[in-house]
Amino acid sequence: MKKLLLAVLVLIGLQTQAQQTTPYFCCDSISYWTDQSQGLTVGLDTSGIIHNPDSMTVSWQVCNSDMCYIGDGISAFFGQIVTTDTIKVGYDVYIYENGVLEICSIEEWLMFDQNSYTWVLLNMIPTSLPGFVIEEDGVRWWNNKIYDLQGRELTEIPVGKMYIRNQKLYITR
């Protein structure tokens, strides 16, 4: 009986040690949110982290066609950003836990969707618009008009913003 009890205790001890040495990557468990009122507010969503880190440091960077702006903390406000901007949002998160440092970084392009009143990932938006192909005598040609990413026709090429012409995505600097 003592040997059986000793074997069970050793087995439990080995399982506990194995659980403690299994790496857990917090980067897979964090994301960010945006809020639009006057300017842009971004914040880190850490609700998916199952561990309780000792500390976290967050650095933000938001760029529009004119300039990049920096902020820090769990959330940051960028008053220079307006809903007509196409923006790049990036963050670096330094997570400290039990003497181990994990660094999480992300950069994503966003644009404001006027229909849902939210910032959406640019790569989730179609880069071509249906219905703009004209066929004449079996020959396909494009109407050569310029559209923004929401399908509105533009009168001139926008500088520093993405646009669509002939079913291709462009950006001019």
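The basis for the numbers below is simple: all heavy atoms, side chains too, and nothing from hydrogens, waters or symmetry mates.
- Taking 4.5 Å as the limit, some side-chain heavy atom of Y94 sits within range of a side-chain heavy atom of L101.
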With side-chain contact (heavy atoms from CB on, under 4.5 Å) as the test, would you mind laying out the steps for E156 and I146 before giving the verdict?
CA-CA 7 Å; E156 58 185 31; I146 303 166; 6.0 Å; no
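- Put simply, the side chain of L44 reaches to within 4.5 Å of the side chain of V93, judged on heavy atoms.
- When the side chains of ILVMFWY residues are joined at heavy-atom separations under 4.5 Å, either directly or via intervening members, V62 and I70 end up in two distinct hydrophobic clusters.
- The hydrophobic cluster containing V100 does not contain V58, counting ILVMFWY residues as joined when their side-chain heavy atoms lie under 4.5 angstrom apart, directly or transitively.
- Considering I81, L110, I106 as possible partners of V89, the one that fulfils the side-chain contact (heavy atoms from CB on, under 4.5 Å) test is L110.
- Annotation: side chain of I157 is in contact with side chain of Y163 (closest heavy-atom distance under 4.5 Å).
- The nearest pair of heavy atoms linking T57 to Y96 is OG1-CE1, 4.0 Å.
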side-chain contact (heavy atoms from CB on, under 4.5 Å) for E107 and K88? Distances and angles first, verdict last.
CA-CA 7 Å; E107 278 188 354; K88 180 174 68 171; 3.8 Å; yes
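- Y32 and E108 form a side-chain donor-acceptor contact under 3.5 Å, judged by distance and modelled atom types alone.
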For the pair W60 and Y69, evaluate side-chain contact (heavy atoms from CB on, under 4.5 Å) and give the outcome as yes or no after the intermediate values.
CA-CA 8 Å; W60 294 95; Y69 309 98; over 6 Å; no
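- Taking every heavy atom of both residues into account, Y91 and S31 meet most closely at OH-CA, 4.1 Å.
- In this structure the side chain of M111 never reaches within 4.5 angstrom of the side chain of T84, judged on heavy atoms.
- Between W33 and S75 the shortest side-chain heavy-atom distance falls below 4.5 Å.
- Taken to the nearest 0.5 Å, the NZ atom of K161 stands 7.0 Å off from the CG atom of N64.
- With W109 contributing its side chain and T86 its backbone, the two residues share no donor-acceptor pair below 3.5 Å.
- In plain terms, the two heavy atoms of S29 and G48 that are nearest each other are CB-O, 3.3 Å.
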Check step by step if side-chain contact (heavy atoms from CB on, under 4.5 Å) holds for M56 and I49.
CA-CA 12 Å; M56 290 187 343; I49 295 179; 4.3 Å; yes
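- With I87 as the fixed residue, the side-chain contact (heavy atoms from CB on, under 4.5 Å) test singles out one of T34, V42, L40: L40.
- Separating the CD atom in Q80 from the CG atom in D85 is a distance of 10.0 Å, to the nearest 0.5 Å.
- Around CG of D45, the count of heavy atoms belonging to other residues, nucleotides or ligands within 6.0 Å exceeds 12.
- Between S105 and D92, the side chains place a donor N or O and an acceptor N or O closer than 3.5 Å (distance only, hydrogens not considered).
- Panel note: side chain E102, backbone C27; a donor-acceptor pair is recorded below 3.5 Å.
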